[in-house]
Amino acid sequence: MEFTALLRERFSRLTPSQQMIARYIERNKDRVAFMTARQLAAVMNISDAAIVRFSRAVGYEGYAHMKESLGDALIERTGASGILHREPALPSEKELKESVFANANQLLKATAELNEDRIVSAVAGRIAAARRIWVSGNGTTYSMVSYLAMQLNHFLGNTEVFNIGHGDVADRILQVNEQDVFIGIGWERYIPYTIDLMSLARQRGAYVVAMTDRASSPLANEADEMLYIVRSSSAVAWWSKVSPMIVADWLMAQVITKDEEKIKANLKRSDDAWRLLGHWKNANTRELFNNNK
């Protein structure tokens, strides 16, 4: 739920000091969306712990969750350009580099903690055994859809992007059946197209997987299984795709373990096709390729 709505619902139950924090954040939401708990505490001359307790009292899991909600609301109001204009300037290239890499490390750690090994393994097993695999996602998730579909198709030879853009959705959805896996990728702001296609795939009997940011995501309602994506709340890397990228790589690594011989054969056929197309034209390269077969 959005911060203002939560505050309206719970304000009377907050302590006087928490009500003071609430008033400050409500007046400065766009600024707080880019502040750490320590920075906010310093501005208000209170402890970091008080900020964390306030976040939970309002109804969030913690300060990071509250800050993410404030960032989401800012995107909704102003779009990506609005966030960019409000991004605080960093004093040096070194600090920018450190911030981006620190943000990536934090996302990787949080993503690993949220996803259970057994679930990723089970999803990979269904993918490896599927007749066909369909991957859907729109808007800012499309780059991840292309990456995952291309890699899975490279390994298995039976994966396809399924989005609205082809113009033949009604005909294509009839190709989905109970032997298939349908993967929907999406995070807030959730694109209805992806949710609708997942729903139709589920009705067709497919095993539906959601790669999404939270259990309350509308994609989760249509899924048999969920893989969690931790989104960035960093002012310098709010666009980061580190989390979905590592989940995709983890999923593909698991798929390889399910039928390594089949995947090796598919990769060999792919190499042979590139050869026929003249991809390896240099004589030395061809000789190296033939020696490594």
Indicate whether any N or O donor in one side chain lies under 3.5 Å from an N or O acceptor in the other, for [X] and [Y].
X	Y	answer
T4	E26	yes
K241	T141	no
Y228	T212	no
K258	S121	yes
Y190	D213	yes

Q: Applying side chain to side chain contact (heavy atoms under 4.5 Å, CB included), run through V209 and D224 and close with a yes or a no.
A: CA-CA 6 Å; V209 179; D224 296 292; over 6 Å; no
With a 4.5 Å cut-off on side-chain heavy atoms, are [Y] and [X] touching?
X	Y	value
M66	I25	yes
M211	L148	yes
Y63	F54	no
Q39	T36	yes
L197	W134	no
N105	K109	no
N138	V145	no
V255	L156	yes

Can you tell me how far apart [atom1] ([X]) and [atom2] ([Y]) are? Round to the nearest 0.5 Å.
X	Y	atom1	atom2	value
D180	R126	CG	CZ	10.5 Å
Y207	I127	OH	CD1	8.5 Å
H65	L70	NE2	CG	10.5 Å
T111	W250	OG1	CH2	9.5 Å
L219	I185	CG	CD1	9.5 Å
I21	L14	CD1	CG	9.0 Å

Q. What residue among I195, T194, I191 forms side-chain contact (heavy atoms from CB on, under 4.5 Å) with P218?
A.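 So, applying the side-chain contact (heavy atoms from CB on, under 4.5 Å) to P218 and each of I195, T194, I191, only I195 qualifies.
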Of all heavy-atom pairs between [X] and [Y], which one has the smallest distance, and what is that distance?
X	Y	result
K67	M35	CD-O, 3.0 Å
R10	G59	NH1-CA, 3.4 Å
I46	M20	CG2-CE, 4.3 Å
A220	R214	CB-O, 4.4 Å
N158	A130	ND2-O, 3.2 Å
M198	A223	CE-CB, 4.4 Å

Q: Could you give me the CA-CA distance, side-chain angles and deciding distance for N115 and V247, then say whether side chain to side chain contact (heavy atoms under 4.5 Å, CB included) is met?
A: CA-CA 9 Å; N115 290 286; V247 171; 4.1 Å; yes
Q) Which residues pass the side-chain contact (heavy atoms from CB on, under 4.5 Å) test with R202, sequence neighbours left out? A)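 R202: side-chain contact (heavy atoms from CB on, under 4.5 Å) contacts with S199, V208, E222.
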(Q) I'd like to check the side-chain contact (heavy atoms from CB on, under 4.5 Å) partners of S47; sequence neighbours left out, ordered by chain and number. (A) A49, A50, R53
Is there a donor-acceptor contact under 3.5 Å from the side chain of [X] to the main chain of [Y]?
X	Y	value
R204	V176	yes
D259	K262	yes
N153	A149	no
S243	V230	yes

Taking [X] first and then [Y], would you say they form a salt bridge - that is, a charged N and a carboxylate O separated by under 4.0 Å?
X	Y	answer
R231	E68	yes
D48	R38	yes
R131	E178	no

Q: Start with the C-alpha distance between Y142 and N163, add both sets of side-chain angles, then the distance that settles side chain to side chain contact (heavy atoms under 4.5 Å, CB included), and finish with yes or no.
A: CA-CA 9 Å; Y142 182 74; N163 277 1; 3.2 Å; yes
Q | Criterion side chain to side chain contact (heavy atoms under 4.5 Å, CB included) on Y147 and M252, from CA distance to verdict | A | CA-CA 11 Å; Y147 175 74; M252 288 184 291; 3.8 Å; yes
Q: Give the cluster check for L108 versus F101: same hydrophobic cluster or not, with ILVMFWY residues linked at side-chain heavy-atom distances below 4.5 Å.
A: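 Hydrophobic grouping puts L108 apart from F101.
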(Q) Hydrophobic clusters here meaning ILVMFWY residues chained together by side-chain heavy-atom distances under 4.5 Å, can you tell me if M150 and V135 are in one? (A) no
(Q) Tell me whether F11 at atom CZ has more than 12 heavy atoms from other residues, nucleotides or ligands lying less than 6.0 Å away. (A) yes
Q) In this structure, are over 12 heavy atoms from other groups packed under 6.0 Å from E98 atom CD? A) yes
